[in-house]
Each structure stands twice: as C-alpha cells, then as structure tokens.
Chemist: 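Provided herewith is a single structure, encoded as structure tokens, for subsequent inquiry.
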Amino acid sequence: DIQMTQSPSSLSASVGDRITITCRASESISRYLNWYQQKPGKAPKLLIFAASNLHNDVPSRFSATRSGTDFTLTIGSLQPEDFATYSCQQTYSVPHTFGGGTKVEIK
Amino acid sequence: QLLESGGAIVQPGRSLRLSCTGSGFTFGFYAMTWVRQAPGKGLEWLGCIRTQTSGGTTEYAASVKDRFIISRDDSERFAYLQMTSLESEDTGFYFCATGEGSGGDCPTLDSWGQGTLVTVSS
C-alpha cells in the first residue's frame with residue numbers, strides 16, 4: 001500500500017497568515033493527489049483534485065503544487081473559516097490512502 | 001446527496017450493516033466508497049464498489065478486508081457496508097462518499113454523507 005506522510009500534524013496561525021501543508025507519498029503517484037478540508041462534526045469536503053485543481057467554489061487563496069512525490073497545499077491568506085483539519089489522499093492505486101491530517105488552529 | 005444509516009452500539013465480536021442511500025443523481029453510474037474516522041483520528045479509506053458497468057467489483061483496505069463486505073443495490077439506490085467480528089478499534093464515524101470522473105472506478109470523493117456512528121463496546 002502507498003503510505004502518505006503529512007506534515008505538520010498541527011499548526012497554529014493567525015488570520016491573514018500564509019500557511020503550507022505537505023504530503024509525501026511513499027512511491028510515485030503521478031498527480032493522483034487530493035486535498036480535503038474537514039471541520040469538527042462535519043464530513044470532509046474536497047478542496048483540490050489531481051494535485052493542483054481547485055474543486056468547485058473553492059476560494060482562490062487555496063493553491064496546491066506537486067514536486068515528484070511531494071505535494072503542498074498553501075492557503076495564501078488564512079481566513080476565519082479556514083480553521084479546520086486538512087487531509088491528503090492518493091487515488092493512484094487502491095487502497096486510496098489518506099495522510100494523517102493537519103489541524104490548523106487559531107494562534 | 002448521500003445519507004448513511006445503521007450506526008449503533010454493538011458488542012465486540014458482533015456484526016452490523018450500514019446503509020448509504022443516494023438521491024439527486026443516477027446512483028448506478030457512480031462507484032461508492034466507505035471511509036471511517038476513529039475518534040480524534042484521521043480518515044481511513046475502507047473500500048469501494050465499482051459500478052456494474054465496471055464489473056461491480058470491490059476493493060478493500062487490508063485492515064478490514066477479511067471482515068467487511070461492500071455491496072450495492074442500484075435498483076433501490078443503496079450501498080451497504082457489512083461489518084463482522086467487530087472490535088473496539090472499529091469504533092468511529094463511517095462515511096459513504098462518491099465522486100465524478102472515475103469512469104465507474106473507485107473515485108475522488110467530491111460528495112459525502114454526514115456519517116453514522118458505530119461504537120463497539122461491551
């Protein structure tokens with residue numbers, strides 16, 4: 001199975017900060033990498049698919065890139081509604097494993 | 001929309017079947033996936049069932065492969081997760097999810113249910 005290593009596991013930031021979350025795949029997954037946002041008590045929501053494509057209605061302050069097996073999610077200017085947990089997922093091969101998640105908290 | 005049901009408190013070793021119904025889309029055109037989340041933990045992909053036109057075959061995570069079975073009834077617009085030999089580690093929220101663009105294969109998950117809670121405890 002492909003392992004997805006996500007870092008950091010948590011971070012504290014302020015409104016307006018730029019933050020970056022990283023996900024590393026244990027082997028090549030091409031661009032088959034998605035990012036999800038989850039708020040407490042809610043189902044996850046798809047933010048980014050195929051490494052760098054914004055899903056419907058996702059604000060442009062979210063962006064994502066790929067470099068080999070390293071994937072990065074960036075929030076350009078953190079907004080109050082962005083405090084949540086972010087998870088990556090590879091869909092290159094089954095099982096479609098998730099990273100461990102990054103909790104973004106208010107500083 | 002997706003809606004899960006069937007979550008309950010069950011004793012270790014018992015079985016439980018979760019259901020997921022879909023509305024507002026042609027259910028049979030979409031592969032269905034189950035994901036769970038233990039309390040305070042990350043998301044765990046459990047498995048998926050492909051569309052009938054893609055063979056209706058299933059895939060599972062190694063952690064549940066011998067105990068969980070995913071099935072579907074397209075005429076009734078349901079997907080199911082049959083869980084056996086439940087353990088305390090199976091406690092958590094169980095989500096069904098699906099997505100477009102996979103050609104009937106296990107998809108990127110752009111539509112999720114709200115989840116149903118399974119608690120395994122004596």
Side-chain angles (χ1 to χ4, degrees), chain A residues 1-10 21 23 25-26 29-58 62 64 71 73 84-105, chain B residues 1-5 7 18 20 22 30-50 54-55 57-66 68 70 92-117:
Chain A
D1 298 356
I2 296 174
Q3 308 302 315
M4 304 303 297
T5 303
Q6 193 172 336
S7 61
S9 57
S10 66
I21 298 168
C23 200
S26 61
I29 58 171
S30 187
R31 297 182 60 83
Y32 291 87
L33 191 284
N34 309 311
W35 291 97
Y36 298 87
Q37 177 194 65
Q38 187 181 22
K39 296 182 179 179
K42 301 293 187 181
K45 291 184 178 180
L46 179 65
L47 286 179
I48 304 279
F49 64 96
S52 61
N53 297 279
L54 266 63
H55 188 51
N56 301 337
D57 300 324
V58 173
F62 291 90
F71 298 83
L73 173 69
T85 297
Y86 295 85
S87 299
C88 62
Q89 181 206 26
Q90 65 82 19
T91 51
Y92 180 78
S93 67
V94 290
H96 288 173
T97 42
F98 287 91
T102 296
K103 186 174 184 179
V104 178
E105 299 175 299
Chain B
Q1 279 189 330
L2 296 171
L3 183 65
E4 304 91 342
S5 61
L18 305 182
C20 169
Y30 291 81
M32 300 301 297
T33 296
W34 287 92
V35 174
R36 74 180 174 188
Q37 187 168 38
K41 301 297 184 182
L43 300 167
E44 181 183 11
W45 188 92
L46 297 179
C48 78
I49 185 165
R50 296 179 177 86
S54 292
T57 52
T58 52
E59 303 285 350
Y60 297 96
S63 59
V64 301
K65 185 174 184 178
D66 297 329
F68 290 9
I70 299 172
F93 274 94
Y94 286 70
F95 299 95
C96 66
T98 189
E100 297 185 358
S102 68
D105 203 349
C106 302
T108 290
L109 305 172
D110 63 18
S111 182
W112 295 66
Q114 88 293 345
T116 189
L117 179 61

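Chain letters run A, B, ... following the sequence lines, proteins first and then strands; every chain starts at 1. Note that the structure is predicted; figures quoted are calculated from it, not measured. Heavy atoms only: backbone and side chains are in, while hydrogens, waters and symmetry mates are out.
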Chemist: What part of B:E44 gets closer than 4.5 Å to chain A, counting heavy atoms only: side chain, backbone, both or neither?
Modeler: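 Only the backbone of B:E44 comes within 4.5 Å of chain A.
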Chemist: Rounded to the nearest 0.5 Å, what separation is found between the CG atom of B:L3 and the SG atom of B:C96?
Modeler: 8.0 Å
Chemist: For the residue pair B:G92 and B:P39, what are the closest heavy atoms and their distance?
Modeler: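 Distance-wise, the nearest heavy atoms are CA-CD, 4.1 Å.
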Chemist: With chain A as the partner, which of B:F93, B:Y60, B:W112, B:F95 has the greatest number of non-hydrogen pairs under 4.5 Å?
Modeler: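 Max contact count across the listed options: B:W112.
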Chemist: Taking B:E4 for its side chain and B:L2 for its backbone only, find out whether a donor-acceptor pair lies under 3.5 Å.
Modeler: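 No, the answer is negative, given that no donor and acceptor are paired below the 3.5 Å cut-off.
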Chemist: What are the two closest heavy atoms between A:D1 and B:A62, and how far apart are they?
Modeler: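 Smallest interatomic distance, heavy atoms only, reads OD2-CB, 4.4 Å.
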Chemist: Can you tell which of A:H55, A:H96, A:K42 has the highest number of heavy-atom pairs within less than 4.5 Å of chain B?
Modeler: A:H96
Chemist: Answer with side chain, backbone, both or neither: which region of A:P44 has an atom nearer than 4.5 Å to a non-hydrogen atom of chain B?
Modeler: both
Chemist: Given a strict heavy-atom distance threshold of 4.5 Å, which part of A:Q6 is in contact with chain B: side chain, backbone, both, or neither?
Modeler: neither
Chemist: To the nearest 0.5 angstrom, please state how far the OG1 atom of B:T116 sits from the CG atom of B:L18.
Modeler: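 Between B:T116 OG1 and B:L18 CG, I get 6.0 Å after rounding to 0.5 Å.
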Chemist: Enter the distance from B:I49:CD1 to B:W34:CH2 here, rounded to the nearest 0.5 Å.
Modeler: 11.5 Å
Chemist: Out of A:P95, A:S87, A:G100, which one racks up the most heavy-atom pairs below 4.5 Å with chain B?
Modeler: A:P95
Chemist: Which region of A:Y36, side chain (C-beta onward) or backbone (N, CA, C, O), has a non-hydrogen atom less than 4.5 Å from a non-hydrogen atom of chain B, or is it both or neither?
Modeler: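 For A:Y36, the side chain is the part near chain B, not the backbone.
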